[in-house]
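Data block below; observations after.
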Number of protein chains: 2
Amino acid sequence: MGRPSSKNAILDAAEAIVLESGAAHLTLDAVAERSTISKGGLIYHFPTKEALLEAMIGRLMERHEQLRDQARRELAPEPSNELLVEIRMLQKLSEADYHLSASLLAVTANQPELAKAFHEKYRRRFHDEIMNQERFERSAILLFAAVGLHFHDMFNMSLLNDEQRGMLYAALLRLARGGDAL
Amino acid sequence: MGRPSSKNAILDAAEAIVLESGAAHLTLDAVAERSTISKGGLIYHFPTKEALLEAMIGRLMERHEQLRDQARRELAPEPSNELLVEIRMLQKLSEADYHLSASLLAVTANQPELAKAFHEKYRRRFHDEIMNQERFERSAILLFAAVGLHFHDMFNMSLLNDEQRGMLYAALLRLARGGDAL
DNA sequence: GTATGTATACCGTCCGGACGGTATAGTAAA
DNA sequence: TTTACTATACCGTCCGGACGGTATACATAC
């Protein structure tokens, strides 16, 4: 065997379980069964459950990064604007991304070691490229507004319908481009 | 005994455990021991763990409501402005509130039944009193910005120092009062 | 070209412990 | 007599993780 996709198959299974049944049902046995790999094989690839969760977070962060790149390419003609890129990326996230993010973030709330993997890249971006600007309050408000909406969606707290969400993102993007009216 | 504070003593113990050790260590046995109440007594008051969590969420929401009332009183001379109240309330939350909110929210992420208790009141306020206004985008951006910052603090994602946080809240409050410059 | 060794990639089973919940017998105040 | 417990003993389940074994592939040596 030795198929190189075993790890990915395991991660796929783990994601599916979280999305379908919630992180509470994410057990090693369940992942093994779902990925049609024995528990021993699972442990071979991911020695501990924490290692598995770390890999799940890693893949999610990669996906975010891909979406950011995609957004950056789309916005290429415009002057470089990381705040704009970040808002577009958040807008692009799918419902599956929401649920997965929420579940994994929830897990990290009780496992501080994992939180590091979650936030490290994010922090650097957040801080250096977006926050350290002349108009700090303006950038911060726009970024936090997008993030706040994202969190609402993540935890199913938002009551916005698609139209309202669209309007809100439009307003945020306009302001991130330098628009003045709020 | 029959002291009326038994329930509160139990909830105090449960909160302390979550704050000190994380929700992962919130077991019925631990709560009983910490509150110097027997496990039987604990089960007498909270027949299931879910009932206990629900009560914890209820108390947290009550505390938020109290802080809102407090903020409303402080702002009384000004024209009624629920958006302003909400932002001030979020600013008032302590670190203990952060951690408790984060932990309980994390728990609800995997127990949808609990999420209802968490969001019901919040949703009504959010929707009816703040979002249904003429300048929808403006209100939404300010509210989501405050909430986004709050979430960052909850999950230890924010890199803002106290000065920056103060500046940001000042800007949000100014805008919520009708200020124009962003 | 066969024997030997070694690393990789698993399989299947088992175990210790924890946890939520139950049961029961008794106590003490109101 | 009901309410509000205490104290203790269990039960069934589940879970993370350890362990011993197996199959394959490849390299090296003789």
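The sequence lines fix the lettering, A, B, ..., with proteins before strands; numbering per chain opens at 1. No experiment lies behind these values; they were computed from the predicted model shown.
There is a side-chain donor-acceptor pair under 3.5 Å between A:D97 and A:S94. Using modelled atom types and a 3.5 Å distance limit, the side chains of A:R63 and A:Q66 yield no donor-acceptor pair. Remark: the A:Q70 side chain and the A:R73 side chain contain no N/O donor-acceptor pair separated by less than 3.5 Å.
Using the six-membered ring where Trp is involved, A:H152 and B:F151 have ring planes that are perpendicular, over 60° apart on the 30 and 60° scheme. Using cut-offs of 30° and 60° for the angle between ring planes, the A:Y98 and A:H150 rings count as tilted.
Atom CZ in A:F46 sits roughly 12 Å away from atom P in C:dA9 (whole-Å rounding). Between B:I10 atom CD1 and D:dC5 atom P the separation is 8 Å, expressed in whole Å. Straight-line distance from the CD atom of B:E33 to the P atom of C:dA18: 13 Å, rounded to whole Å. If you measure from atom CG of B:L28 to atom P of D:dA9, you get 19 Å, rounded to the nearest angstrom. Distance CG (B:L26) to P (C:dA18): 17 Å, rounded to an integer number of Å. Rounding to whole angstrom units, CG of residue A:L42 and P of C:dC10 are separated by 11 Å. Between the P atom of C:dG17 and the NZ atom of A:K49 lies a distance of 20 Å, rounded to the nearest Å.
Comparing atom distances between the B:D29 side chain and each of C:dC11, C:dG20, D:dG16 picks out C:dG20 as nearest. Counting only heavy atoms from C-beta on, A:S38 has its side chain closest to C:dC11 among D:dA7, D:dG16, C:dC11.
For the pair A:K7 and A:F46, the cation-pi criterion (under 6.0 Å, within 45° of the ring axis) is fulfilled.
Within the 4.0 Å cut-off from OP1 or OP2 of D:dA4, at least one side-chain nitrogen or oxygen of B:Y44 is found. For D:dC5, one of the phosphate oxygens OP1 or OP2 lies less than 4.0 angstrom from a side-chain nitrogen or oxygen of B:S6. The phosphate of C:dA9 (OP1 or OP2) has no side-chain N or O of A:H45 nearer than 4.0 angstrom.
For B:E163, the side-chain hydrogen bond (donor to acceptor under 3.5 Å, both in side chains) criterion is met by no residue, not counting sequence neighbours.
Each end of the helix from C:dG1-D:dC30 to C:dA30-D:dT1 yields a helix axis from five base pairs, and these two axes differ in direction by 10° (to the nearest 10 degrees).
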Between protein and nucleic acid, restricted to nucleotides 22-25 of chain C and to nitrogen or oxygen atoms under 3.5 Å apart, what atom pairs and distances do you find?
none

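Interatomic distance, B:H25 NE2 to B:I17 CD1, rounded to the nearest 0.5 Å: 10.0 Å. Rounded to the nearest 0.5 angstrom, B:E54 CD and B:L114 CG are separated by 6.0 Å.
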